[in-house]
**Q** 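I am attaching a structure below and will ask some questions about it afterwards.
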Number of protein chains: 2
Amino acid sequence: MAVTIKDIAKQAGVSPATVSRVLSGQAAFYSEKTAKKVKKTAKKLGYQKNTAAVELVTRRSKVIAVIVSSTKTNFSDQIIDGIQQEAGEHDLNVIILYAGEKDPQMERKALETVIERSVMGILLVAVNLNSVNENLLVNANIPYQFLSITLKNRKLPFITSDDFQIGYQATKYLIDKGHSKIGFAAADLDSVTGQLRLDGYHQAMADNGLQLNSAWVCGGDFAYEDGVNAMKQYGREPEVTAVIASSDLAAIGVMNQAQDYGLKIPTDLAVMSVDGTKLCSIVRPQLTSVTQEFFEMGVRGMQQIISQPTKAAKSAFTPFKIIARQSV
Amino acid sequence: MAVTIKDIAKQAGVSPATVSRVLSGQAAFYSEKTAKKVKKTAKKLGYQKNTAAVELVTRRSKVIAVIVSSTKTNFSDQIIDGIQQEAGEHDLNVIILYAGEKDPQMERKALETVIERSVMGILLVAVNLNSVNENLLVNANIPYQFLSITLKNRKLPFITSDDFQIGYQATKYLIDKGHSKIGFAAADLDSVTGQLRLDGYHQAMADNGLQLNSAWVCGGDFAYEDGVNAMKQYGREPEVTAVIASSDLAAIGVMNQAQDYGLKIPTDLAVMSVDGTKLCSIVRPQLTSVTQEFFEMGVRGMQQIISQPTKAAKSAFTPFKIIARQSV
DNA sequence: TAGTAAAACACAAACGTTTGTGATGTTGAT
DNA sequence: ATCAACATCACAAACGTTTGTGTTTTACTA
């Protein structure tokens with residue numbers, strides 16, 4: 001069986017209490033001499049602390065749980081990088097759990113595993129909980145923060161981009177480039193995120209006195225296939241001269257299908273994507289995109305968690321910008 | 001403070017022992033009547049089990065840790081999916097930790113966090129430990145398995161594709177298509193994986209009586225940029241008529257740079273990638289690839305962990321196949 | 001009805017740490 | 001030499017479970 005602080009205590013001829021204090025660096029409780037002795041025998045015996053015991057008595061843990069929906073978009077890496085960086089600076093450990101795709105069962109399981117362990121904080125990226133799971137989370141009394149999603153329940157704290165503005169600015173950008181028949185593709189219109197972007201799109205069209213056409217908006221789930229399907233709906237000789245796809249992958253789907261139809265991008269059709277991950281500069285033509293600050297989302301999310309419970313978690317927007325590449 | 005089994009015991013008028021046995025479903029230790037009563041009050045009080053306490057006394061945990069190097073290739077999702085599926089069937093929880101890119105510091109931290117918690121098993125995907133960390137892992141007395149990597153130390157159990165064969169078969173495929181001047185790009189030549197693929201490439205060339213040219217092999221780190229750089233080295237009028245890139249992203253780098261040089265793919269240059277992730281069918285032209293069975297890697301890795309300590313972990317190869325698309 | 005076996009439950013120790021408090025030893029001033 | 005003040009350490013309780021074993025209740029047999 002594993003070596004405990006009692007073993008160290010016995011070997012070093014001190015009490016377990018002293019060993020504990022030395023190992024956790026509580027200064028002013030021991031002499032340098034015993035500290036050295038303790039540390040040496042600890043190393044010699046190959047001591048590994050038992051976190052279960054620690055957490056049992058201290059009732060807190062140094063791990064941050066990130067629950068991500070294994071969405072088919074691919075920005076979560078950046079968010080996690082941000083989380084990791086911020087966590088590293090505070091000596092926190094990050095664990096990541098996949099919660100499937102809109103799978104309440106898996107979401108529940110993920111939530112339970114982290115709540116049982118009473119982690120220090122829970123970050124949920126791009127996951128939308130049903131009310132049962134939402135209760136589970138809220139009642140757990142653990143700081144939490146939603147990331148990269150706009151929630152119906154405005155009382156829940158989330159950090160994301162301003163989806164209305166994304167829709168608005170993307171549309172305006174295309175209008176400024178001379179387009180007036182603009183498609184809106186692949187967003188999940190049942191989600192608040194998708195709905196807000198659509199609102200922004202509508203508003204921008206209206207503000208510029210442009211006609212709307214319901215055939216120009218194609219819902220979906222932000223996936224590659226949704227982009228393909230949208231383009232199929234627009235057809236070989238599309239009425240629209242530009243389309244806004246709600247994710248990079250979806251935009252690629254639009255482009256590929258358009259090219260299969262023999263359309264040239266951006267001359268025959270301009271394509272604009274939302275997200276701005278590395279994919280945009282890897283595909284040809286490179287995708288002009290609404291680029292979100294995912295890394296910062298992660299950082300800010302962590303900061304919110306850390307500052308609790310002093311300050312309550314707040315919702316916030318992270319900035320975004322439009323980066324021109326080749327596709328419009 | 002949180003509600004414990006003692007609270008439930010008091011409310012239900014039974015002993016904590018009984019509550020424990022009811023809640024963990026140890027049949028034949030209680031009557032149906034009390035079971036019902038206990039479960040009801042547990043739910044009423046909103047009981048959440050304290051995993052720290054459980055693990056402290058049982059000395060085992062139901063979590064599988066997956067340590068992934070946040071490599072810039074992108075196959076780990078598939079591996080994790082496989083792990084998750086297999087874990088789900090055995091009521092195990094999986095947590096994922098990022099260990100940076102060849103960052104011994106982060107690797108150590110990740111290892112320590114999971115060892116301290118004495119997880120049930122450790123899966124390492126695409127991470128290569130230095131000897132210090134290797135010792136840490138081995139001495140922890142926790143089942144472990146390396147995935148998607150070939151190790152120098154053959155005593156460590158790893159599950160991956162046969163890298164020699166990947167190199168050999170990819171080369172042979174191109175030779176069969178009529179190519180005789182073949183580039184080998186973006187593999188990490190300091191890694192066993194890269195070296196084996198290179199050996200396979202050499203062997204296939206030799207077996208077919210073809211000349212080698214050291215200028216045709218360009219090392220790297222499996223990244224997009226390495227593909228770009230390799231192509232830059234081959235130049236505007238490359239001697240090679242085909243190139244094998246050691247990852248999908250690298251292959252895309254090769255293709256993009258080749259196209260920037262005005263080369264047509266596959267007519268002027270054939271490109272073949274290794275991995276076969278979804279990226280292959282998303283880029284244009286679609287990438288012909290050596291497709292690995294990453295999902296199965298995850299599944300098999302989990303199975304190895306689960307079957308321990310009955311059976312010792314063994315190394316094994318997962319199959320791969322060549323999928324023809326458009327790039328050769 | 002008495003006796004007994006089985007079923008249902010309770011007691012208490014144990015897991016490995018942290019931490020409040022009390023005990024001992026040391027130092028220096030008077 | 002005395003004593004306060006402080007530094008150094010040990011004691012022991014507590015965290016919330018699980019589980020081996022002992023105790024009570026129930027049910028059944030004769």
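Here is the naming used below: chain letters follow the sequence lines, and residue numbers restart at 1 for every chain. No hydrogens, no waters, no symmetry mates; every other heavy atom, side chains included, goes into these values.
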**Q** Is any side-chain nitrogen or oxygen of A:Thr34 closer than 4.0 Å to OP1 or OP2 of D:dC9?
**A**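 It does, given that an N or O in the side chain of A:Thr34 lies less than 4.0 Å from OP1 or OP2 of D:dC9.
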**Q** Would you classify A:Glu55 as touching base, sugar-phosphate or nothing, given that sugar-phosphate means primed atoms plus P, OP1 and OP2, and contacts are heavy atoms under 4.0 Å?
**A**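 Nothing, no heavy atom under 4.0 Å.
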**Q** Where each residue is assigned the nucleotide of DNA chain D containing its nearest heavy atom, which of B:Ala52 and B:Thr18 is assigned the position nearer the 5′ end?
**A**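 The answer here is B:Ala52.
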**Q** Salt-bridged, A:Lys155 to A:Glu134, with N to O below 4.0 Å?
**A** no
**Q** Take the protein atom CD of B:Gln48 and the nucleotide atom P of D:dT17, then report the distance between them rounded to whole Å.
**A**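 About 10 Å, once rounded to whole Å.
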**Q** Taking OP1 and OP2 of C:dA8, is either one under 4.0 Å from a side-chain nitrogen or oxygen of B:Arg21?
**A**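 So the side chain of B:Arg21 is outside the cut-off, no N or O lying under 4.0 Å from OP1 or OP2 of C:dA8.
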**Q** Please report, rounded to the nearest Å, how far the P atom of D:dG16 is from the NZ atom of B:Lys10.
**A**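 Computing the B:Lys10:NZ to D:dG16:P distance gives 12 Å.
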**Q** Is A:Glu112 paired with A:Arg108 through a side-chain N to carboxylate O contact shorter than 4.0 Å?
**A** yes
**Q** Among C:dC11, D:dA12, D:dA14, which nucleotide sits nearest the side chain of A:Ala17?
**A** D:dA12
**Q** A:Gln26 CD to D:dC9 C1': how many Å, rounded?
**A**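 The answer, rounded to whole Å, is 13 Å.
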**Q** Please state how far atom CG in B:Asn50 lies from atom P in C:dT17, giving the value in whole angstrom units.
**A**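 Interatomic distance, CG of B:Asn50 to P of C:dT17: 16 Å.
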**Q** Reading DNA chain C from 5' onward, which residue's closest nucleotide shows up sooner: A:Pro16 or A:Phe29?
**A** A:Pro16
**Q** Could you check how far NZ of A:Lys6 sits from C1' of D:dA10, rounded to whole Å?
**A** 14 Å
**Q** Where the side chain of B:Arg59 is concerned, which of D:dT19, D:dA14, C:dC15 is the nearest nucleotide?
**A**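 That would be C:dC15.
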**Q** Tell me whether B:Arg21 forms a cation-pi arrangement with B:Tyr30, defined as NZ or CZ under 6.0 Å from the six-membered ring centre and within 45 degrees of its axis.
**A** no
**Q** Between the side chains of A:Asp188 and A:Lys102, is the shortest nitrogen-to-carboxylate-oxygen separation below 4.0 Å, so that they form an ion pair?
**A** yes
**Q** Rounded to whole Å, how long is the line connecting atom CD of B:Glu32 with atom C1' of D:dT26?
**A**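 Interatomic distance, CD of B:Glu32 to C1' of D:dT26: 17 Å.
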**Q** Less than 4.0 angstrom between a side-chain N/O of A:Ser20 and OP1 or OP2 of C:dT17, yes or no?
**A** no
**Q** Let me spell it out: for each of B:Ser15 and B:Leu56, pick the nucleotide of DNA chain C with the closest heavy atom. Which residue's pick is nearer the 5' end?
**A**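 Mapping each residue to its closest nucleotide by heavy atoms, the 5'-most match is B:Ser15.
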**Q** Looking at C:dC9, I'd like to know if its phosphate oxygens (OP1 or OP2) sit under 4.0 Å from a side-chain N or O belonging to B:Ser31.
**A**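 True: B:Ser31 side-chain N/O within range (under 4.0 Å) of C:dC9 OP1/OP2.
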**Q** To the nearest Å, give me how far apart OH (B:Tyr30) and C1' (D:dT25) are.
**A**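 It is 19 Å, rounded to the nearest whole Å.
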**Q** Report the nucleotide, chosen from C:dT17, D:dT17, D:dT19, that has the shortest atom-to-atom distance to any side-chain atom of A:Ala53.
**A** C:dT17
**Q** Whole-Å distance between D:dG16 P and B:Leu45 CG?
**A**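 In whole Å, D:dG16 P lies 14 Å from B:Leu45 CG.
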**Q** May I ask you to evaluate whether A:Tyr47 reaches the phosphate of C:dT17, defined as a side-chain N or O under 4.0 Å from OP1 or OP2?
**A**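 So the side-chain polar atoms of A:Tyr47 do come within 4.0 Å of the phosphate oxygens OP1 or OP2 of C:dT17, strictly under.
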**Q** Is a salt bridge present between B:Glu293 and B:Arg300, judged by a nitrogen-to-oxygen distance below 4.0 Å?
**A** no
